[in-house]
Amino acid sequence: MSILTILEFPDERLRKIAKPVNNIDNSLQTLIDDMLETMYHSGGIGLAATQVNVHLRLLVIDTSEEKNAPLCLMNPEITSKDGEFEYKEGCLSVPESYEKITRPGHIIVKGLDRNGAEIEIEANDLLSTCIQHEIDHLNGKLFVDYLSPLKRQRIKTKLEKMHRLEGK
Ligand code: QAP
Ligand code: CO
């Protein structure tokens with residue numbers, strides 16, 4: 001298993017549209033395990049393949065307290081959404097910035113599990129928010145896109161400064 005490098009805003013590769021997964025082979029299983037390890041290692045609750053520069057429609061999530069309930073979803077599609085839920089979101093690709101975002105609070109999503117079996121998940125509140133946030137990544141969208149241009153620019157400037165200091 002390995003820890004993967006996470007792309008950070010404003011990296012343009014975070015804007016790529018991911019392609020559907022169509023073969024579930026051993027290298028894909030390794031990628032899923034590495035994404036889970038990377039998410040747990042970073043203290044995250046969700047990670048999309050786009051964030052590790054793999055442009056496939058694949059995401060991993062674990063919103064459990066005990067960090068013992070990994071969820072892998074491939075080719076996700078939201079089939080219904082309603083209600084509203086506000087949460088102070090963060091993102092492993094936007095370190096140290098957290099902002100309140102309102103999204104539908106109840107969704108139904110279908111997709112494939114890591115073995116290619118069809119699954120349907122009904123999600124509320126935090127899980128619903130997390131699934132929508134991760135699907136946004138697969139479409140090249142970031143939570144900062146929901147903020148005002150001024151707030152987004154401040155975050156961009158802060159991260160560019162951090163990256164310069166880190167020599168990235
Ligand atoms: C997306 O985000 C999410 O800035 C997952 O320094 C967030 O796991 C979905 C993290 C909130 C729903 C609600 C962020 C870790 C983790 C940071 C994350 C940081 C360290 C973010
Ligand atoms: Co994110």
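Order of listing sets the numbers, starting from 1, for every ligand and every atom in it.
Between Met162 and Pro95, the closest side-chain pair of non-hydrogen atoms falls below 4.5 Å. Met74 places none of its side-chain heavy atoms less than 4.5 Å from the side chain of Asn22. At least one side-chain heavy atom of Cys91 sits under 4.5 Å from a side-chain heavy atom of His137.
Judged as a salt bridge (Lys or Arg N to Asp or Glu O under 4.0 Å), the pairs with a partner in residues 132-151 (not counting sequence neighbours) are, in order, Arg15-Asp145, Glu99-Lys151, Arg103-Asp136. Applying the salt bridge (Lys or Arg N to Asp or Glu O under 4.0 Å) rule to pairs touching residues 60-75 yields nothing, sequence neighbours excluded.
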Put together the list of close N/O pairs, under 3.5 Å, between ligand 1 and the protein, could you?
{"unit_1": "ligand 1", "atom_1": "4 (O)", "unit_2": "Glu96", "atom_2": "N", "d": "2.8"}
{"unit_1": "ligand 1", "atom_1": "4 (O)", "unit_2": "Tyr98", "atom_2": "OH", "d": "3.0"}
{"unit_1": "ligand 1", "atom_1": "6 (O)", "unit_2": "Tyr98", "atom_2": "OH", "d": "3.4"}
{"unit_1": "ligand 1", "atom_1": "8 (O)", "unit_2": "Ile45", "atom_2": "N", "d": "2.8"}

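When only modelled atom types and interatomic distance are considered, Asp82 and His106 share no side-chain donor-acceptor pair under 3.5 Å. Side-chain contact check for Lys158 and Ser97: at least one donor-acceptor pair (N or O, by modelled atom type) lies under 3.5 Å. Checked by atom type, the side-chain pair Gln51/Ser93 shows a donor-acceptor distance below 3.5 Å.
To the nearest 0.5 Å, the span separating CD on Glu122 from OG1 on Thr79 amounts to 9.5 Å.
Around the Co ion (ligand 2), the protein atoms of type N, O or S found under 2.8 Å away are Cys91 SG, His133 NE2, His137 NE2, listed by chain and number.
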